[in-house]
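Reading through the structure tokens given below for one structure.
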Number of protein chains: 2
Amino acid sequence: MNVATQATTHHGIREAIRARIVAGEWELGELIPGEADFAAQYACARTTVNRALQALAREGIVERKRKGGTRVRPLPLPQALLRIPIIRAEVEAMGQTYDHRIMRRERSIAPGEVAKRMQLAQNHELIHLETLHLADGHPFAFERRWVNPATVPEFEGADLTAISANEWLIRTVPFSRGEASLSAVSADADLARALEVAQGAALFTLERATWFDAQSVTFTRLHYHQGYRLNFEL
Amino acid sequence: MNVATQATTHHGIREAIRARIVAGEWELGELIPGEADFAAQYACARTTVNRALQALAREGIVERKRKGGTRVRPLPLPQALLRIPIIRAEVEAMGQTYDHRIMRRERSIAPGEVAKRMQLAQNHELIHLETLHLADGHPFAFERRWVNPATVPEFEGADLTAISANEWLIRTVPFSRGEASLSAVSADADLARALEVAQGAALFTLERATWFDAQSVTFTRLHYHQGYRLNFEL
DNA sequence: AACATGATTATGTATGCACATATTACCTTG
DNA sequence: CAAGGTAATATGTGCATACATAATCATGTT
């Protein structure tokens with residue numbers, strides 16, 4: 001066999017080795033040949049094998065340690081690249097018209113839970129925003145957001161009719177890091193009214209807290225309309 | 001400033017460039033210096049800069065094109081590495097005792113929706129399995145699974161008391177690829193009884209279909225107990 | 001037997017070079 | 001002026017080499 005997928009490109013070799021692993025040439029947890037061996041087998045430089053094996057390690061297919069070589073992961077770790085959708089793009093990808101409506105916008109004291117998620121002191125004043133995202137005029141998602149004016153003072157006067165708060169913040173504080181969580185939430189009376197679903201409906205929910213440097217930027221809770229699914233590949 | 005994070009390692013340079021991007025040295029969408037320029041600035045080889053910039057491209061910080069150079073992503077793409085938890089490990093990580101109980105195990109015709117998700121012909125016979133996962137004896141998640149005996153004939157006689165069906169399949173068909181989706185589902189009568197929650201409770205749900213080569217292996221629908229959250233970092 | 005020590009080894013990484021490839025920019029030609 | 005071809009250019013990639021680093025293994029000493 002041993003049909004080279006490509007010539008001797010690093011990702012040709014990556015696929016060749018992947019195929020051999022998938023075919024079960026080595027047991028789970030077993031040591032596979034060293035870089036030098038593969039280099040000889042495929043008649044290429046060790047550098048090239050190194051790139052291939054590092055890629056497989058990133059994917060969770062193999063485990064590598066300095067001395068002790070490379071081994072097939074005992075249990076391949078189930079990980080996937082999750083692309084968090086931008087609502088506008090998501091709606092437009094379905095061929096529908098995106099729009100959003102700001103339901104509420106005010107300064108208020110951060111609720112205890114929100115302050116905790118943003119790692120702020122109690123009684124911190126935040127800008128609270130409630131937005132309804134629409135697809136072809138129908139409710140698509142409901143967003144509750146708290147923005148820290150200490151970090152983004154310009155937000156107070158921002159015009160959010162053309163672009164959403166999300167896009168405004170991304171443009172203003174582009175490279176903030178964050179934590180997110182996914183969950184299922186029952187629609188309370190407010191949510192049910194806003195999203196036009198029955199009270200108690202199960203809503204897919206995405207929460208996100210973001211920081212720039214050590215400064216809290218924003219915390220969002222996004223409730224999608226009933227029946228929403230977030231798809232991805234493993 | 002220009003304080004080198006590390007000597008001239010590719011990931012030292014990666015962080016140095018990332019810092020400059022985050023600090024706003026270049027506009028969103030703006031062209032940043034070429035590999036050769038950076039190599040001169042940091043007194044290292046172009047190869048090293050190449051690795052650094054490729055890593056930033058993988059992260060979604062920059063965009064690169066063959067001629068036309070490297071530019072800061074207009075909108076940094078919100079992506080995250082999602083590690084899909086293995087239930088046993090998840091429960092044990094909370095310091096609780098994991099256990100599972102098989103509620104049902106039978107051969108049956110695949111329901112239409114399941115057959116579709118597994119890309120099988122109608123009236124295909126599958127092994128249907130219902131498992132309740134327990135944490136310290138309390139319901140943690142309820143799993144409905146269909147396994148294709150054409151792909152994994154040994155599954156029929158597998159002993160699923162020691163290890164769960166999930167782990168059995170991972171060990172037997174380790175490197176299968178798949179599609180997954182996350183959603184929120186209302187507990188029906190069966191689910192409510194099994195998970196000991198009120199009927200209509202919002203349940204976080206993970207569906208997964210996996211294939212080995214072109215052969216369908218299994219389709220699972222996993223409903224977590226009320227209040228479950230899946231956390232990850234951005 | 002326990003422990004410190006150094007040799008060995010596999011991966012990690014930097015470098016200089018050459019060539020491949022995609023895409024833009026420009027210039028020629030009808 | 002438009003169409004088309006060609007040169008210039010930035011990234012992509014392979015290779016040979018050298019050295020760095022971490023972990024293991026064997027060795028020898030107390």
Side-chain angles (χ1 to χ4, degrees), chain A residues 2-18 20-21 25-74 77, chain B residues 2-18 20-21 25-74 77:
Chain A
N2 201 0
V3 180
T5 316
Q6 279 287 321
T8 54
T9 89
H10 63 119
H11 83 287
I13 289 174
R14 163 163 59 77
E15 294 312 316
I17 296 177
R18 188 212 303 286
R20 291 171 67 178
I21 290 174
E25 184 168 337
W26 302 283
E27 296 295 319
L28 294 187
E30 190 186 345
L31 210 59
I32 72 175
E35 298 184 349
D37 297 314
F38 279 125
Q41 285 178 33
Y42 294 106
C44 69
R46 187 173 74 85
T47 315
T48 309
V49 176
N50 183 285
R51 290 186 68 170
L53 289 177
Q54 288 204 19
L56 291 175
R58 262 200 309 274
E59 283 184 52
I61 304 286
V62 299
E63 249 173 353
R64 322 191 73 199
K65 251 190 337 199
R66 276 266 161 122
K67 145 117 183 172
T70 304
R71 51 188 69 232
V72 180
R73 263 219 135 80
L77 47 86
Chain B
N2 200 358
V3 180
T5 315
Q6 280 286 323
T8 54
T9 91
H10 62 115
H11 87 292
I13 290 173
R14 163 163 57 79
E15 293 313 317
I17 297 178
R18 187 213 304 285
R20 292 172 67 178
I21 291 174
E25 183 167 338
W26 301 284
E27 295 296 319
L28 294 188
E30 188 184 348
L31 209 59
I32 72 175
E35 299 184 348
D37 297 313
F38 279 125
Q41 285 178 33
Y42 294 106
C44 67
R46 188 174 73 87
T47 316
T48 308
V49 176
N50 183 285
R51 291 186 67 171
L53 289 177
Q54 288 203 17
L56 291 176
R58 262 200 308 274
E59 284 183 52
I61 304 286
V62 300
E63 251 173 353
R64 322 191 72 201
K65 247 185 346 196
R66 278 266 161 120
K67 144 118 182 171
T70 304
R71 50 187 69 232
V72 180
R73 264 219 134 80
L77 47 85

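Numbers restart at 1 for each chain; the letters A, B, ... are given by sequence-line order, proteins then strands.
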Pairwise distance [atom1]([X]) to [atom2]([Y]) - rounded to 0.5 angstrom:
X      : Y      : atom1 : atom2 : value
I61(B) : T70(B) : CD1   : OG1   : 13.0 Å
F38(A) : I32(A) : CZ    : CD1   : 4.0 Å
L28(B) : R73(B) : CG    : CZ    : 12.0 Å
R51(B) : E35(B) : CZ    : CD    : 12.5 Å
R20(B) : Q41(B) : CZ    : CD    : 4.5 Å

- prompt: Tell me, which of residues 44-54 of chain B have any heavy atom that sits under 4.0 Å from an atom in DNA chain D?
  reply: R46(B), N50(B), Q54(B)
field: Heavy-atom pair with the smallest gap, counting every atom of T9(A) and T48(A)
entry: C-CG2, 4.1 Å
field: Other residues, nucleotides, ligands: >12 heavy atoms within 6.0 Å of E30(B) CD
entry: yes
- prompt: Counting only non-hydrogen atoms, which of residues 61-72 of chain A are less than 4.0 Å from DNA chain C?
  reply: R64(A), K65(A), R66(A), K67(A), G69(A), T70(A)
Report the distance from atom [atom1] of [X] to atom [atom2] of [N], rounded to the nearest whole Å.
X      : N       : atom1 : atom2 : result
L31(B) : dA10(D) : CG    : P     : 9 Å
H10(A) : dT11(D) : NE2   : P     : 16 Å
E35(B) : dG16(C) : CD    : P     : 15 Å
H11(B) : dT11(C) : NE2   : P     : 20 Å
Y42(A) : dC15(D) : OH    : C1'   : 19 Å

- request: Can you sort out the partners of R14(B) under side-chain contact (heavy atoms from CB on, under 4.5 Å), two or more places apart, ordered by chain and number?
  value: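 Per chain and number, R14(B) pairs via side-chain contact (heavy atoms from CB on, under 4.5 Å) with H11(B), R18(B), A52(B), A55(B), L56(B), E59(B).
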